[in-house]
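As the structure is a prediction and not an experimental result, all values here were calculated from the model. In what follows, every heavy atom counts, from backbone to side chain, and hydrogens, waters and symmetry copies are set aside.
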Amino acid sequence: MKFEGYAPCLNSEPYKMSLSPRFIAFLIATLITVIMLTFLSFVPAADAAVLFVAGVSCFVGSYFFIFFTIDILVFREVNRIYENVQKLKIKDFHVSKRTLIKSVNPLKKLNTEISAYVTKKQKEIDELKRMEAFRREFLADVSHELKTPIFAAQGFIHTLLDGAKEDPVILDRFLGKAAKSLDGLDALVRDLVTLSQVESGDLRMNFATVDLKHITEDIFEQLESKAEKRGTKIKIKPKELDSCFVKADKQRITQVMTNLIDNAIKYGKDDGKIVVEFEEDKKYYQISIEDDGPGIPPEHLSRIFERFYRVDKSRSKETGGTGLGLAIVKHILNAHNSKISVSSRIEKGTKFSFRLEKANI
Ligand SMILES: Nc1ncnc2c1ncn2[C@@H]1O[C@H](COP(=O)(O)OP(=O)(O)OP(=O)(O)O)[C@@H](O)[C@H]1O
Ligand SMILES: [Mg+2]
């Protein structure tokens with residue numbers, strides 16, 4: 001279906017002089033009076049006084065008769081149309097009767113009501129078009145991301161079946177690579193499931209009191225070998241912090257911290273430094289994850305929270321990311337009534353921060 005060029009084209013002044021019932025009544029009444037006077041002028045008994053009285057009474061009589069006839073007819077019909085538009089509007093937009101336009105002029109009322117209706121419908125159409133484009137793009141992205149690990153694993157396994165399995169070294173290496181591709185596929189599908197759950201609101205958050213400092217230390221341990229490989233140092237600030245008790249869903253907030261720290265390792269520089277900082281105020285903890293890596297160019301900053309968005313696609317591919325991590329982080333934090341913010345400077349580093357409500361302990 002094509003919607004281009006679909007724009008309301010409504011006359012905003014229906015009561016222009018040329019169309020008004022008054023003007024039409026005036027014209028017709030004048031015409032009738034002129035015709036009547038022309039005929040009367042041929043009657044010898046009709047003098048000027050008779051002609052004047054007949055002319056005036058004919059004009060006044062026909063003017064009011066025509067005016068009321070047109071007016072009543074137009075009013076009645078227009079009012080009926082107006083009532084139908086009202087019903088349509090109430091049904092389509094679930095508005096209350098009180099929000100409908102009130103005016104004594106039915107044409108004006110009808111015009112305004114239709115304009116408002118068309119504008120709202122146009123908005124709905126725009127939203128549907130946007131969602132349709134989004135759905136198409138998402139489907140293309142998902143199929144592309146699924147294709148890559150499947151093809152890779154398929155390639156390794158077929159090569160082995162075609163005879164390479166006879167060599168035990170190749171057998172081991174290719175099986176390892178196929179397994180890695182399938183692990184990637186598994187992680188991708190799990191991310192997609194989480195994303196669809198958080199986006200559809202199906203994911204129930206189990207809010208509890210959690211110690212975010214403890215969680216961060218656990219994540220450091222898990223990512224230790226990855227960080228060591230790159231020579232990255234990770235630390236918590238302030239050093240003397242004992243704990244950081246916040247209200248959060250433990251599993252989900254772990255996912256958030258893991259992705260942010262994992263990103264800082266993956267996209268930071270070799271031998272770099274990552275600082276996870278907990279700042280406390282009366283009601284909240286402000287949590288930030290900062291690296292001293294190459295940074296994110298400003299034109300990409302607003303887009304990194306979109307699904308599948310990666311700044312440097314080839315580099316992200318090397319590091320194995322699919323670009324779903326930050327989209328999930330954003331949604332999980334939204335469900336915690338929080339917002340993630342990012343600031344980055346080229347060659348200086350990137351800092352992600354968000355806040356969480358302190359737990360009452
Ligand atoms: N600390 C960072 N420094 C530089 N770039 C970053 C940083 N964090 C994220 N990015 C950029 O943002 C993109 C999106 O990050 P996101 O976490 O959503 O995806 P990913 O890490 O590539 O994949 P996934 O998290 O799904 O494994 C990354 O591909 C990377 O280009
Ligand atoms: Mg990530």
Do Val275 and Ile289 have side chains that approach each other closer than 4.5 Å (heavy atoms only, starting at C-beta)? no
Less than 4.0 Å between a side-chain N and a carboxylate O, is that true for Asp186 and Arg190? yes
Candidates Leu212, Val276, Ile236 - the one meeting side-chain contact (heavy atoms from CB on, under 4.5 Å) with Glu217: Ile236
Indicate yes or no: at least one non-hydrogen side-chain atom of Val329 is less than 4.5 angstrom from one of Phe354. no
Stepwise, does the side chain to side chain contact (heavy atoms under 4.5 Å, CB included) test hold for Asp47 with Val50? CA-CA 5 Å; Asp47 57 9; Val50 172; 3.1 Å; yes
Side chains of Leu326 and Phe352: closer than 4.5 Å at any heavy-atom pair? yes
Indicate whether the side chain of Ser353 and that of Ser288 have a donor and an acceptor atom separated by less than 3.5 Å. no
ring-ring contact (aromatic ring centres under 6.0 Å, His included) partners of residues 169-211, not counting sequence neighbours, each pair once: Phe156-Phe174, Phe207-His336
Leu31 and Leu27, any side-chain heavy atoms less than 4.5 Å apart: no
Can you tell if the side chain of Gln286 reaches within under 4.5 Å of the side chain of Asp281, non-hydrogen atoms only? no
Would you please classify the geometry between the Phe59 ring and the Phe26 ring as parallel, tilted or perpendicular, with 30° and 60° separating the classes? perpendicular
Counterpart residues, ring-ring contact (aromatic ring centres under 6.0 Å, His included), relative to Phe134 (two or more places apart): none
Exam field: side chain Ser338 to backbone Arg355, donor-acceptor pair closer than 3.5 Å: yes
Applying a strict under-4.5 Å side-chain criterion to I, L, V, M, F, W and Y, I'd like to know whether Val189 and Leu182 cluster together. yes
How long is the span from the OG1 atom in Thr209 to the NZ atom in Lys247, to the nearest 0.5 Å? 8.0 Å
